[in-house]
Structures are given as structure tokens and as C-alpha cells.
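See below for the structure under consideration.
From a predicted model like this one, the values you see are computed outputs, not experimental measurements. Quick note: residue numbers are just sequence positions, from 1.
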Amino acid sequence: MGDFALELNDDQKSVRDWVHGFAADVMRPAAAEWDEREETPWPVIQEAAKIGLYSMDFYAQAFFDPTGLGIPVAMEELFWGDAGIGLSIVGTTLAAVGVLANGTEEQIGTWVPQMFGTADDVKVAAFCSSEPDAGSDVSAMRTRAVYDQARDEWVLNGTKTWATNGGIANVHVVVAVVDSELGARGQASFIVPPGTPGLSQGQKFKKHGIRASHTAEVVLDDVRIPGSCLLGGKEKLDERLARARERQRAGGERIKNAAMATFEASRPAVGAQAVGIARAAYEVALDYAKTRVQFGRPIIDNQGVAFALADMRTRIDAARLLVWRASWMATAGKPFTAAEGSMSKLYAGETAKWVTAQAMQVLGGNGFTREYPVERMHRDAAIYTIFEGTSEIQRLVIARTISGLPIR
């Protein structure tokens, strides 16, 4: 366990500068083009793969940083470069976290490498949890997984939505209901291998922001997968379901489900992404305010502009500190007694949305045009109060945690 520190060590600084260089030299020049095209930026992903940035090894090294700061530092720099391209590069990691959180060592070793492919043949992966009628309310999930004991296969049926890389992924991780009477506690995660019949892409969404990231529905029509594709294995699932039934009868404590285990592990990283977007917009606004002359002087000489920039910088630093604390706590095995992971995602997401709006205001009319990147950053930031748990859901998690009451 690493000690908590506010100063990055030399190795972390080296990684930060390396990722920042890629973001500045490769991502930023391509950002506007791929935002307009609304397509997966395969050439940029391939460039990231060639230098080892898009790889299982890089994320594993960052994940196992003993201080917990490896992932948030990398995420902030990537999303400083561009959020849409950044999400296309890191979207695979959500599926990988789903396997790491719920799978066996053999499953991790088998499937995670296939999610990334190779530098010469890059692949992506998708985590499929949300449904048309089950977003924040995971207990309303309708996708079903039925075990065919005679063939040792699981049969999946349903429709997933808002899936990053959905339909174009090499490997899909799908959360499905195995026991409907248990609600959210009766769910499990499954691997759908490449080329499995019955899985198809539904609607591809045209989005307000993060346009370079592919988001689509995933349709599962009698998808048959081997029994070994149940993450964690059948024996572990049966034991967990038995405990859930017993605790349901006794009215006992809640049991985490497969989707929530993934989201809890990823929330500080998502917060770091939001910090990167906010920082990027703030830097544009600061530079503009120092060079834009009105009434014979730079506009930063006006308190109205200078105070806005001061507030922007303060909120960005506060958000980063919350993200770093939650990341360190998770790595150190310290319990989130006040839902610190949700705190970090909530505050960072709200900060990104607010800071990018302020940046547009500082730039005035120019901020509203596509000649400057802040309008794109503002569109990108909007999703951070919505996906992986809306701001309202984060507040609910925090309120339940600090009160110990089932607030609804």
C-alpha cells in the first residue's frame, strides 16, 4: 500500500508527460475532425496501440500503481486531449473492469487480451448493462440468461442500450438476469465471444457530445455461449444466489450486483476524465483572457473575468483532490464510509459542466463557435452528470451511505 501524497513521484510524472504528449500531438489535432464525422477514430486508436498506450499492459501497470494514482493521472491527460477520442481509447477498459471485478483468473487471462487485440490489429470491447427501461434502475433489467444444463450453455435474450463500442466490439460483457425474483441481486455478467451468432448492433446514437465514441444498442437474440463464459463460474453464482435468497427471506443486508461492482470500481477514473475536460477548457479561457483586448486592456484585467477564472481553477483542483483521495482509498483497501467514490464522480462531473460553460462565457461569441474548442468541450462535459450514474444517483448513494437509511 502506497502512502497518500499530493506530489507525483518521478515515474508518475514521466507517464503523465508521455500521455500528455500523445494527447497534444495526436489527439488534439484530430479532435474536431472526428467530432464532425461521429465515427470511431480507428487511426488514432492504432497510433495509441503502436506506442503501447492502448494496451492491456499499460492499463495493468497504471491500475497496480501502489498509490492508486496511475489511472486518474492517465485519464486526466487523455481527456485533456479530447473527450470523444479519449473515450474511444479507454472505453474498452470498462469491459475489462467488468471481467476483473467478477471473473476468475483464467477468464481474465483469456478475455482481457482479446479486448485490445494487437498493435497491428486493434480491437475494442463493450460493457453492456443499461437497457431502454433500466438505466439508473438496474433492478428493472429485462435481459435474461437461462442455463441449458444439457449443453452447458447460457442463452441470452434482450436489448442493451447506451453501450460504448456496442456492436463493433470484439468482446461484449453483458449483465443479465438469472433469477428475476431476486431483482438486482439476481444478476450476473457474461462474456459474449467474438462472432457469436445472435448478437447484433441495433440503433447507433447520434449524440450531443463525445461524438467520436461509438454508442449503440446491442440486440441479443437467442445468443448461446459456453458455460465457461459466466464470469466467476456457476458454482460461485449458485452460492451467491443462495445467500441472496436467504438474506431476502430474512430481510438482511443488500448484496452487490455485477453491474454495480463494475461502476463502483470505475467512478474515480470517470471523475478524472471530467477533470481533464475541465482543465482543458480552463486553459483555453485563461489564455484567451490574457490575450483578448477590449477597451484598451486584456479582459483578464476585469474582476468579472478574473474572478470567474479563479473559481474555475479552484473547483478543478478540488475535484482532482476528491478523485485522488477516492483512487488512493480504493487501492489501499479503505472502505468508502462516506461514498467517497461517488463524491469524486459527482463533484468532478458537475465541475466539468460548470467550468466549460464558464469558459464559453469568457470567450463570448467566439466561445459559441466551432472555431474554438470550448463549445465541443462543453458538449462533451454534459455526459459526465449522466452516464455511469447520474448526479442524482450519486447523491442518493452518498445520502444512503452517510445516513444508513434507505433513502429513495
Checklist entry - Taking the six-membered ring for Trp, are F58 and W18 ring centroids under 6.0 Å apart? => result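 Yes, ring centres under 6.0 Å apart.
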Next on the checklist: Centre-to-centre under 6.0 Å for W162 and F205, is that the case here?
Outcome noted: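 They qualify: ring centres under 6.0 Å apart.
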When you measure from the side chain of [X] to the backbone N and O of [Y], does any donor-acceptor pair fall under 3.5 Å?
| X | Y | answer |
| --- | --- | --- |
| S88 | I85 | yes |
| K207 | S213 | yes |
| E283 | A280 | no |
| Q394 | G389 | yes |
| Q187 | V178 | no |
| T196 | V192 | no |
| D121 | G117 | no |
| K160 | E217 | no |
| E77 | A74 | no |
| R379 | H208 | yes |

Next on the checklist: Working note: D120 + K50, criterion salt bridge (charged side-chain N to carboxylate O under 4.0 Å, His left out); need CA distance, chi angles, decisive distance, verdict.
Outcome noted: CA-CA 8 Å; D120 296 324; K50 286 180 180 178; over 6 Å; no
Where [X] and [Y] come nearest, the two heavy atoms and their spacing:
| X | Y | value |
| --- | --- | --- |
| L87 | F79 | N-CZ, 3.4 Å |
| L199 | H172 | CD2-CE1, 3.7 Å |
| P113 | I108 | CD-O, 3.6 Å |
| T164 | A126 | O-CB, 3.3 Å |
| A285 | V362 | O-CG1, 3.8 Å |
| W80 | R279 | CD1-NH2, 3.5 Å |

Next on the checklist: Name the residue from E39, Q201, E38 that meets the side chain to side chain donor-acceptor pair (under 3.5 Å) definition with H214.
Outcome noted: Q201
Next on the checklist: Parallel, tilted or perpendicular: which one describes the rings of F116 and Y59, with boundaries at 30° and 60°?
Outcome noted: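 It falls in the parallel class, under 30°.
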Report the distance from atom [atom1] of [X] to atom [atom2] of [Y], rounding to the nearest 0.5 Å.
| X | Y | atom1 | atom2 | answer |
| --- | --- | --- | --- | --- |
| L363 | M360 | CG | CE | 9.0 Å |
| R395 | R400 | CZ | CZ | 15.0 Å |
| T356 | Q358 | OG1 | CD | 9.0 Å |
| I191 | Q114 | CD1 | CD | 9.0 Å |

Taking atom types as modelled and ignoring hydrogens, do the side chains of [X] and [Y] form a donor-acceptor contact shorter than 3.5 angstrom?
| X | Y | answer |
| --- | --- | --- |
| N302 | R297 | yes |
| E375 | T369 | no |
| D65 | T67 | yes |

Next on the checklist: For a salt bridge (charged side-chain N to carboxylate O under 4.0 Å, His left out) check, start with the C-alpha distance between R142 and E131, then their side-chain angles and the critical distance, and finish with the verdict.
Outcome noted: CA-CA 8 Å; R142 295 181 180 178; E131 298 184 3; 6.0 Å; no
Next on the checklist: Are more than 12 heavy atoms, taken from residues, nucleotides or ligands other than E181, located less than 6.0 Å from that residue's CD atom?
Outcome noted: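 12 or below, so no.
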Item to check | Crowding at CG, D10 (>12 non-hydrogen neighbours, <6.0 Å) | outcome: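 Not more than 12 within 6.0 Å, no.
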Next on the checklist: What verdict does the side-chain contact (heavy atoms from CB on, under 4.5 Å) test give for I89 and F22, after you've listed the backbone C-alpha separation in whole Å, the side-chain angles of each residue and the deciding distance to 0.1 Å?
Outcome noted: CA-CA 12 Å; I89 291 174; F22 179 83; 4.0 Å; yes
Would you mind checking if [Y] and [X] are paired as a salt bridge, meaning a charged N to carboxylate O distance below 4.0 Å?
| X | Y | result |
| --- | --- | --- |
| D35 | R37 | no |
| E7 | K13 | yes |
| E388 | K345 | no |
| R211 | D380 | no |
| D311 | R315 | no |
| D317 | R313 | yes |

Checklist entry - Regarding R325 and the six-membered ring of W328, is the cationic atom NZ or CZ under 6.0 Å from the ring centre and inside 45° of its axis? => result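 Relative to the ring axis of W328, which defines the angle, R325 lies outside at least one limit.
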Item to check | Cation-pi, Y384 ring and K353 (6.0 angstrom, 45 degrees) | outcome: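 Cation-pi check for K353 and Y384: fails.
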Item to check | Test salt bridge (charged side-chain N to carboxylate O under 4.0 Å, His left out) applied to D82 and R28, step by step | outcome: CA-CA 6 Å; D82 179 66; R28 282 207 166 179; over 6 Å; no
Checklist entry - T92 pairs by side chain to side chain contact (heavy atoms under 4.5 Å, CB included) with which of N165, I45, V97? => result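 It is N165, the one option of N165, I45, V97 that forms the side chain to side chain contact (heavy atoms under 4.5 Å, CB included) with T92.
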Checklist entry - What do the steps show when you test I398 against M343 for side-chain contact (heavy atoms from CB on, under 4.5 Å), and what is the final call? => result CA-CA 7 Å; I398 296 166; M343 281 185 184; 3.7 Å; yes
Checklist entry - Where do E36 and R376 land on the salt bridge (charged side-chain N to carboxylate O under 4.0 Å, His left out) test, with the steps shown first? => result CA-CA 10 Å; E36 292 285 350; R376 184 180 71 248; over 6 Å; no
